[in-house]
Amino acid sequence: MNAHVPALSGGGQVMAIVPQTFEETFRMARTVVASGLAPAALVGKLTGDDAASAVAVAIMSGAELGLKPMVSLRSFTVINGKPALYGDGLINVVRMSGKVAYLRTGCDEINGKLIGYCEAKRLDTGEEKRVEFSQDDATRARLWDDRPTVRKQVWDNGQKVWKNDVPNDAPWYRFPKRMLAWRAAGYCLRELFGDVLGGIRDEFEVREIDEVETMRDITPEKPAIPPKPPAPPAPPAKAAAPIEAEPAASTTEPEFDLGDFLEQIETGLAGAKDETDVAEIWNDFDAPAVLETNGHADMIDTAFAIRDRRLAQLAPLNGG
């Protein structure tokens, strides 16, 4: 019987599946959504073809930058409708362009202050550039955060509540050197390799810009006609005023937001620099228990996929 079974051959080159038409792109996007590997930042609460459309757009956006489909999904995020690259994704795109003579990033400490830098040179034109982003720059931009604890909303038994003295897990507190270097790289690479990046920014810069743009002016408008002055108050009555009862505390519980919860997991894991950080952040969220408690047990695999995707991103960084 084994005489007709073809022999197994070793070797060969691994080739990525790269769609050539829109139909092929959409077919791949549907497969990604069905497998649960679609990033929560991309699909949010979308399902079916709506979610596949978001994934397809990310694949096409990455293709314009020379990224393979699955690399695009690991490198891209979407913040309020704006595509952005993770910090390492920005550097990866420039390196893959073949136009880099050298590219170096890092962070130095001078007189007790940190200074992130990026220096690069184009291979085709010979242009060179060095950009620095210091701790003082981050302070002026209101990015620097050296508080060990903060007041923030956290998930507690499936509900969002405000708590004081919560450990500060902001990227600018946990990884200040990396954030300074990435910010310097964003400015340097967009100016020196603008033709390669096509205006794409890094994730943290897009998030900060979005927060500024979405701020609302809540100053009340001035009335067209000035109000009449109030009448003089009546003399106080001799009888004692009744004691007002305190209003009853609201018992309305906040509704569980699945998309927001998954996006918080992805944002938190984006700041992890190694597998240990990923494990700590993952344990803090306790995603399986929270999702099961709120009736979303079918999304537990999606949460694990978010964690595994970040571990896959960190693997080449830790290896090199």
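Side chains are part of it too, since the values below use all heavy atoms of this structure and drop only hydrogens, waters and symmetry mates.
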Chemist: Taking a hydrophobic cluster as the set of Ile, Leu, Val, Met, Phe, Trp and Tyr residues connected by side-chain heavy atoms closer than 4.5 Å, whether directly or through intermediates, do L123 and L103 fall within one such cluster?
Modeler: no
Chemist: Give a yes-or-no answer on whether the side chains of N164 and R151 include a donor-acceptor pair shorter than 3.5 Å.
Modeler: yes
Chemist: Can you hop from W162 to V150 via hydrophobic side chains spaced under 4.5 Å?
Modeler: no
Chemist: Mind listing the closest non-hydrogen atom pair of M96 and G66 along with its distance?
Modeler: CE-O, 3.2 Å
Chemist: Which atom names give the shortest non-hydrogen contact between G116 and A184, and what distance separates them?
Modeler: O-CB, 3.8 Å
Chemist: Is the shortest distance from a Lys or Arg side-chain nitrogen in E191 or K129 to a carboxylate oxygen in the other one below 4.0 Å?
Modeler: yes
Chemist: With the side chain counted from C-beta on, respond yes when S134 and K113 share a heavy-atom pair under 4.5 Å apart, and no when they do not.
Modeler: no
Chemist: Less than 4.5 Å apart, side chain to side chain, heavy atoms only: is that true for L85 and L65?
Modeler: yes
Chemist: May I ask you to check whether over 12 heavy atoms, not counting those of R27, lie within 6.0 Å of atom CZ?
Modeler: no
Chemist: Might you work through the side-chain contact (heavy atoms from CB on, under 4.5 Å) test for K99 and D195, ending with a clear yes or no?
Modeler: CA-CA 10 Å; K99 298 182 178 181; D195 56 328; 2.9 Å; yes
Chemist: Check whether any side-chain heavy atom of P19 lies under 4.5 Å from a side-chain heavy atom of P69, and answer yes or no.
Modeler: yes
Chemist: Treat each ILVMFWY residue as a node, draw an edge where side-chain heavy atoms are under 4.5 Å apart, and state whether L46 and M299 are in one component.
Modeler: no
Chemist: Flag the pair T31 / L37 as yes when at least one side-chain heavy-atom distance between them is below 4.5 Å, and no otherwise.
Modeler: no
Chemist: CD/Q135 to SG/C107 distance, rounded to the nearest 0.5 angstrom?
Modeler: 9.0 Å
Chemist: Could you go through the salt bridge (Lys or Arg N to Asp or Glu O under 4.0 Å) check for R183 and D137 one step at a time?
Modeler: CA-CA 10 Å; R183 181 51 56 88; D137 293 328; over 6 Å; no
Chemist: Report yes if the side chains of R130 and C118 come closer than 4.5 Å at any heavy-atom pair, otherwise no.
Modeler: no
Chemist: Can you tell if the side chain of T105 reaches within under 4.5 Å of the side chain of W182, non-hydrogen atoms only?
Modeler: no
Chemist: Rounded to the nearest 0.5 Å, what's the gap from CE on M70 to CZ on R309? Could you check?
Modeler: 8.5 Å
Chemist: Minimum heavy-atom separation for A29 to A56, with atom names?
Modeler: CB-N, 3.7 Å
Chemist: What is the distance from atom CG of D301 to atom CD1 of I306, rounded to the nearest 0.5 Å?
Modeler: 11.5 Å
Chemist: With sequence neighbours excluded, give me every salt bridge (charged side-chain N to carboxylate O under 4.0 Å, His left out) pair touching residues 162-173.
Modeler: K152-D169, D156-K163
Chemist: At what distance, to the nearest 0.5 angstrom, does CD1 of I265 lie from CZ of F304?
Modeler: 10.0 Å
Chemist: Supply the members, apart from F22, of the Ile/Leu/Val/Met/Phe/Trp/Tyr cluster built from side-chain contacts under 4.5 Å; use none for a lone residue.
Modeler: F26, V57, M60
Chemist: Is there side-chain contact between T149 and V166, with at least one heavy-atom pair below 4.5 Å?
Modeler: no
Chemist: In terms of hydrophobic clusters joined by side-chain contacts under 4.5 Å, are L90 and V71 together?
Modeler: yes
Chemist: Of the options I91, V131, V93, which is the one that meets L189 in a side-chain contact (heavy atoms from CB on, under 4.5 Å)?
Modeler: I91
Chemist: How far does CG of N168 sit from CZ of R174, to the nearest 0.5 angstrom?
Modeler: 9.0 Å
Chemist: Which pair of non-hydrogen atoms, one from A181 and one from G106, has the smallest distance, and what is that distance?
Modeler: CB-O, 3.5 Å
Chemist: Roughly how far, to the nearest 0.5 Å, is CZ of R95 from OH of Y102?
Modeler: 12.5 Å
Chemist: Can you find a heavy atom in the side chain of P288 that is under 4.5 Å from one in the side chain of I300?
Modeler: yes
Chemist: Given the rule in the side-chain contact (heavy atoms from CB on, under 4.5 Å) test, do F193 and V100 qualify, once you have shown the distances and angles that lead to the verdict?
Modeler: CA-CA 9 Å; F193 297 95; V100 182; 3.9 Å; yes
Chemist: Between L180 and W144, what is the shortest heavy-atom contact and its length?
Modeler: CD1-CZ3, 4.0 Å
Chemist: For the side chain of S97 and the backbone of V94, is there at least one donor-acceptor N/O pair under 3.5 Å apart?
Modeler: yes
Chemist: Y117 and D108: side-chain contact (heavy atoms from CB on, under 4.5 Å), yes or no, with the steps?
Modeler: CA-CA 8 Å; Y117 67 86; D108 297 329; 3.6 Å; yes
Chemist: Ion pair present between E109 and K177, side-chain N to carboxylate O less than 4.0 angstrom?
Modeler: no
Chemist: Taking all non-hydrogen atoms of both residues into account, name the closest pair between P39 and E266 and its distance.
Modeler: CB-OE2, 3.6 Å
Chemist: Run through the side-chain heavy atoms of Ile, Leu, Val, Met, Phe, Trp and Tyr, join any pair under 4.5 Å, and report what else lands in I110's cluster.
Modeler: I115
Chemist: Take E128 and R122 through the test salt bridge (Lys or Arg N to Asp or Glu O under 4.0 Å) and record every step on the way to the result.
Modeler: CA-CA 7 Å; E128 298 180 71; R122 289 189 67 121; over 6 Å; no
Chemist: Against V33, only a single residue in T47, D49, D50, V55 fulfils side-chain contact (heavy atoms from CB on, under 4.5 Å); can you say which?
Modeler: V55
Chemist: Side chains of Y187 and E132: is there a donor and an acceptor less than 3.5 Å apart?
Modeler: no
